[in-house]
Amino acid sequence: MSFLDTLVTTFHLLTTRDRYLGTDGIGRYLLQHVEYTVVSLLIAVLIAVPLGAVIGHTGRGAWFVVGTSTALRALPSLGVVVLLVSTQGISATWLVLTLVVLAIPPVMLGTLAGVAGVDPDVVDASQGVGMTGRQVLLQVELPNAMPVLVGGVRTAALQIVATASIAAIVGLQGLGQLVINGVYNRDVPQAIAGAILIALLAVAVDLVLAGVQRLLVPTGVQLLAGPRRTPVLLRRGPAREGTPA
């Protein structure tokens with residue numbers, strides 16, 4: 001099959017309605033991939049954002065978070081999934097757990113960097129008008145940290161979409177199933193179609209989160225965004241004197 005024939009067959013595969021139907025159709029694989037991504041990302045955000053915000057606010061334990069997050073990011077995704085499946089059995093729960101572990105570091109580091117990078121003068125001014133530590137965190141630091149925070153979430157989402165492709169290797173399908181089937185059956189158009197759909201899903205997820213970022217980031221913060229607002233991780237170091245934890 002020539003390269004042109006491969007492209008034509010791939011296009012036909014992606015645009016044929018019947019290929020999206022049925023228990024082994026593209027539509028089912030796509031829904032599974034989206035489900036793995038959404039569930040894993042939500043759990044990671046619920047765990048990592050509060051921890052990153054508190055640590056960024058207090059400056060306590062940041063060195064531990066940075067070191068742990070770096071170690072977690074070095075874990076081989078496929079190795080973790082194979083290890084869990086071989087010891088705990090084939091289950092979507094273990095796949096989601098793996099994706100959560102891999103997604104927590106970028107979300108936590110983004111939250112930590114965003115909160116720690118808020119202009120100290122802004123924080124001092126909020127304390128000067130009588131805000132408590134909790135109010136400063138929720139009403140001043142988190143809104144100002146939102147661009148970096150959501151940036152970490154977007155990085156985690158892209159990592160989840162890419163890593164969820166290995167679900168097919170352990171029998172949990174997803175869009176990676178198209179790639180696996182294509183490789184095993186020497187069906188190049190099917191493998192290419194799977195790769196294209198995974199890439200399109202990653203772009204779609206990133207666009208959705210970009211829209212969420214525009215909704216969550218206050219207009220004033222968007223106007224001020226720029227090189228002067230670029231946060232420096234752990235720039236503040238230890239908690240400011242007199243800052244309530």
Side-chain angles (χ1 to χ4, degrees), residues 6-7 9-16 19-20 24-49 69 72-82 92 94-111 113-114 146-183 187-217:
T6 300
L7 292 182
T9 305
T10 301
F11 179 79
H12 179 72
L13 176 62
L14 291 173
T15 56
T16 301
R19 301 301 298 265
Y20 287 82
D24 59 347
I26 296 175
R28 183 166 184 269
Y29 295 150
L30 176 62
L31 289 176
Q32 288 176 324
H33 211 106
V34 170
E35 182 179 1
Y36 294 148
T37 300
V38 172
V39 173
S40 303
L41 187 61
L42 284 177
I43 295 175
V45 167
L46 290 175
I47 295 174
V49 169
S69 298
L72 290 176
R73 296 179 77 170
L75 288 176
S77 308
L78 179 59
V80 175
V81 172
V82 171
W94 295 113
L95 173 66
V96 169
L97 176 61
T98 302
L99 297 176
V100 169
V101 170
L102 296 173
I104 282 178
V107 178
M108 184 176 293
L109 289 176
T111 307
M146 201 55 70
V148 185
L149 190 159
V150 180
V153 175
R154 291 172 68 177
T155 300
L158 294 179
Q159 187 169 358
I160 289 176
V161 171
T163 306
S165 304
I166 64 177
I169 297 177
V170 293
L172 294 173
Q173 299 182 337
L175 287 174
Q177 190 67 49
L178 294 174
V179 179
I180 296 298
N181 290 343
V183 171
D187 186 346
V188 177
Q190 187 177 25
I192 294 176
I196 290 175
L197 288 171
I198 292 170
L200 291 177
L201 178 60
V203 172
V205 170
D206 191 57
L207 289 176
V208 170
L209 290 175
V212 172
Q213 182 175 359
R214 290 183 64 84
L215 293 175
L216 293 179
V217 177

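As the structure is a prediction and not an experimental result, all values here were calculated from the model. Only heavy atoms go into these numbers, but all of them, side chains included; no hydrogens, no water, no symmetry mates.
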Dump the intermediate steps for side chain to side chain contact (heavy atoms under 4.5 Å, CB included) on Gln32 and Gln177, then the final yes or no.
CA-CA 11 Å; Gln32 288 176 324; Gln177 190 67 49; over 6 Å; no

Does the side chain of Leu197 reach to within under 4.5 Å of the side chain of Leu14, using non-hydrogen atoms?
yes

Rounded at 0.5 Å granularity, tell me how far CD1 in Ile196 sits from CG in Leu178.
11.0 Å

Working to the nearest 0.5 Å, report the span between CZ of Arg19 and CD1 of Ile26.
6.0 Å

Closest heavy-atom pair and its distance - Thr10, Pro189
OG1-CA, 3.3 Å

Between Val161, Leu99, Leu31, Ile160, which is the residue that forms a side chain to side chain contact (heavy atoms under 4.5 Å, CB included) with Tyr36?
Leu99

What's the spacing between Thr111 OG1 and Met146 CE if we round to 0.5 Å?
8.5 Å

Crowding at CZ, Phe11 (>12 non-hydrogen neighbours, <6.0 Å):
no

How close do Ala193 and Leu13 get, heavy atom to heavy atom, and via which atoms?
CB-CD2, 3.5 Å

Derivation and outcome, side chain to side chain contact (heavy atoms under 4.5 Å, CB included), residues Val107 and Val49:
CA-CA 7 Å; Val107 178; Val49 169; 3.8 Å; yes

Side chains of Leu201 and Val34 in contact at under 4.5 Å (non-hydrogen atoms):
yes

Measure the OG1-CG distance between Thr163 and Leu95 for me, rounded to the nearest 0.5 Å.
9.5 Å

Atom of Ser40, atom of Val96 and distance for their closest heavy-atom approach
OG-CG1, 3.6 Å

dist Thr9:OG1 -> Gln190:CD (nearest 0.5 Å) comes out at 12.0 Å

State, to 0.1 Å, how close Leu102 and Gln159 come at their nearest heavy-atom pair, and which atoms those are.
O-OE1, 3.7 Å

Could you please spell out the steps behind the side chain to side chain contact (heavy atoms under 4.5 Å, CB included) verdict for Leu41 and Val153?
CA-CA 8 Å; Leu41 187 61; Val153 175; 4.1 Å; yes

Shortest non-hydrogen pair, His33 vs Gly176, comes out as ND1-N, 4.3 Å

Carefully, step by step, assess Thr15 and Tyr20 under the rule side chain to side chain contact (heavy atoms under 4.5 Å, CB included).
CA-CA 9 Å; Thr15 56; Tyr20 287 82; over 6 Å; no

Of all the heavy-atom pairs spanning Ser165 and Ile198, show the shortest one and how long it is.
OG-CD1, 3.2 Å

From Thr37 atom OG1 to Glu35 atom CD, the distance as rounded to the nearest 0.5 Å
10.0 Å

